[in-house]
Each structure stands twice: as C-alpha cells, then as structure tokens.
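Everything below concerns the one structure shown next.
Just follow the structure's listing: the first ligand is 1, and inside any ligand the first atom is 1. Quantities reported herein were computed from a predicted structural model and do not represent experimental measurements.
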Amino acid sequence: MTGIRLEHLTKRFKNQVAVEDVSADIRNGEFVVILGASGSGKTTILRMIAGLEVQTSGHVYIGDMLVDDYEPRDRNIAMVFQTYALYPHLSVRKNIGFGLKVRHVERSEIDRRVTAVAELLGISETLDRRPSELSGGQRQRVALGRAIVRDPEAFLLDEPLSNLDAKIRSSARIELKRLHSQLGQTFVFVTHDQTEAMTLGDRLAVMNHGRLLQYDTPERVLSHPTNRFVASFVGSPEMDFLEGSVEPTGGSYTFISGPIQIPVRGVGRPGPVTIGLRPWDITVHQAAGAGSVPARVAGVERLGSSDQVFLEVGPPGAPGPGGLPAPPLTLRALVRSYDFEVGNMVSIGFDADRALYFTADGNRIESMSAPTRVG
Ligand code: ADP
Ligand code: MG
C-alpha cells in the first residue's frame, strides 16, 4: 500500500485539453474521490495513474517512485472500470483469478486467494456461475474481487456504482467504505454523483473542464467552496444565489437584494456581490412577520424526509421591457415535509452567519466574514 502524487499533470488529445495542470497528493490509505460532470477529465486522470494513457506533461509518482516510464503492469495498481469488463464466458472463480493466472501464480495459491476474496465480498456462493447469472451488485463485487485478489498498491475505481439500481447503491457505498477500512489501502474513486462523493471520500477533488478546482474534505468543500462552481455543484438541494450589493448602514454593512436585507458580519466591502445560501439555511414561516421578507410558495417537491419549496420573493416585479412583469426572484428552501402548499403566502428568514460571498467572476470572498471590527 502506498500513496500517489500527481505533479502538474496535463493531457491533450489533438487540440483538446482533457486534463490541465492537475497536482494532488493522495495519502497512503486515503479514500480520495474525484468528482466532476461527464467530460471533466476524471477517467483520463485514472488512466494516467494506471499508465493506460501517457500524459502530455507532468509526472505521476506511486509511493516515492516516479513511474512515468513504467508500463501499466509494472505499476501494481488495480483499476475497476465502469462497465466491470468481466469475461462473459468465464465463471466468477475464473474471472477473479484471471489476473493471477496470466502472472503464472500457482494454481493452489490462486484458489486460496480467490476463495478468501469471495468470502470477503460475500459472493462465495456465486463462484461457479457466469457473469450473466449475477445481479448488478454481484457483478460489481466480482469486478472488485478481481482487483483485490492481485493485492495491488492502490485501487482506481471508475464510477463502479453507477450501473447499480438506486436502491442498492446506498448499501453498496457502505460496503465499499467497509472494504476500504478493512483493506487499509489507497482508493481513488471517480464519480459524477455528489452524494456518492460526500459519503465516500476522505477528501474530494472537484474537477471542471479538466481543472482541479478544489481538493479538500467533504465538510470543507461544502462549507468553504473555493468558488461558485464548486458551491453549486456540491450540496443538495443546490445552493441559492442572490445578486445584490453590500451597502454601509450606520456602523455596519448590509447586503441588499430587492426586498432582502442580510447583515454582513465583520468588515464589508461596499459594492456588488453575490451571496450564496444553502436551502437549509433559509427559514420559512407561515405568516408574514414585521420586518420579514414576504414570499409565495410557487412549488413544492416532496423529498420524503423533507420538502424542497420554491419561493417567489417579494412583490411581483416591476414591468420589464415588454410591459410584462419581470420574473420574481425564486429561491429554494428545505423545510419539514408537508408544512407548506403551493400558493401559501409566507415569510422567509436567512441565517446570515452561514452566507457565502462571491465576486462577479465567481470566486469566494474570504474576508467578508473576517472577525474584524467595522470602523
Ligand atoms: P470524464 O471521465 O470526466 O467523463 P474523460 O476523462 O473521459 O472525462 O474525458 C475528458 C475529455 O477528454 C472529454 O472531453 C473527452 O471527450 C476527451 N477524451 C477522453 N479520451 C479521449 C480520447 N481517447 N481521444 C480524444 N478525446 C478524448
Ligand atoms: Mg469517465
């Protein structure tokens, strides 16, 4: 078992940049999740670590070893593909043992290891079946088993849960996490699913268009996103954004956006700014209160344990260019299930301490919440 270091990794296909200047340190035994939309370069990073793709520039280290010139088989890294890539005509036993057979491991040793891995994964009773006779979850375990049996330095997993039904995906996540702690090995796991990323990762690497935007714990990525892209990509339901400006109000500063006023903690910089609020940091009350912001419930999505409500804030907009009213500002909030119905007139409040501030070009402003006295 060992860590992995990526140094200024770049990959271009003809004139398309798939991965751009990605540097990251993956610690020994860590579970790192690479999170990004389709096409953001996740698979290409895994393939460069495995040696299946040669980088255009930059370096890959496995442990202390620079492996840029190593063939895939000499890197001792196991990759589990999205499609599992099982051999359909071979039994589960032979599928799991295949990599050992081609390495000329002794037959009795292969048997011993395959049996142990099947037990670890709870698929002992499937050993004599073929992949077509297995459920999706069992196939996914066979693919994992094939990787584990080789006892690699690290595991690269490319969206291994994405072909599973939503119902078993949650238990598959728990299984995978348990497996990771049992094996104690380095896992690099790729997904486009932020729930998967948040639940599995010790650290997340958030990618967009080939760039690594943030590399931090799930908690930090959620509470301190480096920019607006990360803020809206991570967290469910998605973050609300309010365009407005910070204005001096007496001895302090206030963020103002139409009817919404949110006190700015610490020193404010007057000027235009975007505020980001998580839907669970917006409170909704049945009746309008003095000084509160009126809103209308325009939509309700029942999520089971809670509801996501869409709120039209403030009075209908002033006439726009065509004489029609401008669309009202719509926010989403997470509330207790069945508390509100479409058409309810409500009032809303904001947890000002939890507001994030962004510049016009989307970078998060740290100093807004700095504990500096307004003077
Ligand atoms: P992800 O796994 O995040 O969906 P990929 O790493 O597969 O993204 O791809 C990143 C970008 O590189 C995409 O735009 C994709 O079209 C491009 N790409 C990947 N592999 C190749 C290839 N072999 N030839 C040309 N373009 C490729
Ligand atoms: Mg991919």
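Put simply, no part of Gly36 is less than 4.0 Å from ligand 1, judged by heavy atoms. Under a 4.0 angstrom heavy-atom cut-off, Gly210 registers as lying outside contact with ligand 1.
Scanning the protein heavy atoms around atom 12 (O) of ligand 1, the nearest turns out to be Ala18 CB, 3.2 Å. Closest protein heavy atom to atom 8 (O) of ligand 1: Gly41 N, 3.2 Å. Nearest protein heavy-atom contact of atom 19 (C) of ligand 1 is Phe13 CE1, 3.4 Å. Nearest to atom 4 (O) of ligand 1 among the protein's heavy atoms is Gly39 N, 2.6 Å. The nearest protein atom to atom 5 (P) of ligand 1, hydrogens excluded, is given as Thr44 OG1, 3.6 Å; this is a heavy-atom distance.
Which parts of ligand 1 touch Ala37 is read off a 4.0 Å heavy-atom cut-off, strictly below it: atoms 3 (O). Near Ser40, meaning under 4.0 Å from one of its heavy atoms, ligand 1 places the atoms 1 (P), 3 (O), 8 (O).
In this structure, His89 and Tyr87 have perpendicular ring planes: the angle between them is above 60°, well past the 30° mark. Using cut-offs of 30° and 60° on the angle between ring planes, the pair Tyr357 and Phe255 is perpendicular.
Backbone and side-chain nitrogen or oxygen atoms of Gln16 are examined, and one is located within less than 3.5 angstrom of a nitrogen or oxygen of ligand 1.
The CZ atom of Arg354 lies 10.0 Å from the CG atom of Leu277; values are rounded to the nearest 0.5 Å. Separating the CZ atom in Arg364 from the OG1 atom in Thr274 is a distance of 13.5 Å, to the nearest 0.5 Å. Distance check: Leu9 CG to Glu53 CD gives 11.5 Å after rounding to the nearest 0.5 Å. Annotation: the span from Leu200 atom CG to Leu35 atom CG amounts to 11.0 Å, rounded to 0.5 Å.
Counted by atom type alone, His192 and Glu159 present one or more donor-acceptor pairs between their side chains at under 3.5 Å.
For Arg47, no heavy-atom contact with ligand 1 is shorter than 4.0 Å.
Of the candidates Thr43, Ile34, Val190, the one placing a heavy atom closest to atom 2 (O) of ligand 1 is Thr43.
For Arg302, the CZ atom is densely surrounded, since the number of other residues' heavy atoms within 6.0 Å is greater than 12.
Under 2.8 Å from the Mg ion (ligand 2) lies no N/O/S atom of Gln82, from backbone or side chain alike.
The two residues Ala143 and Tyr84 make their nearest non-hydrogen contact at CB-CB, 3.8 Å.
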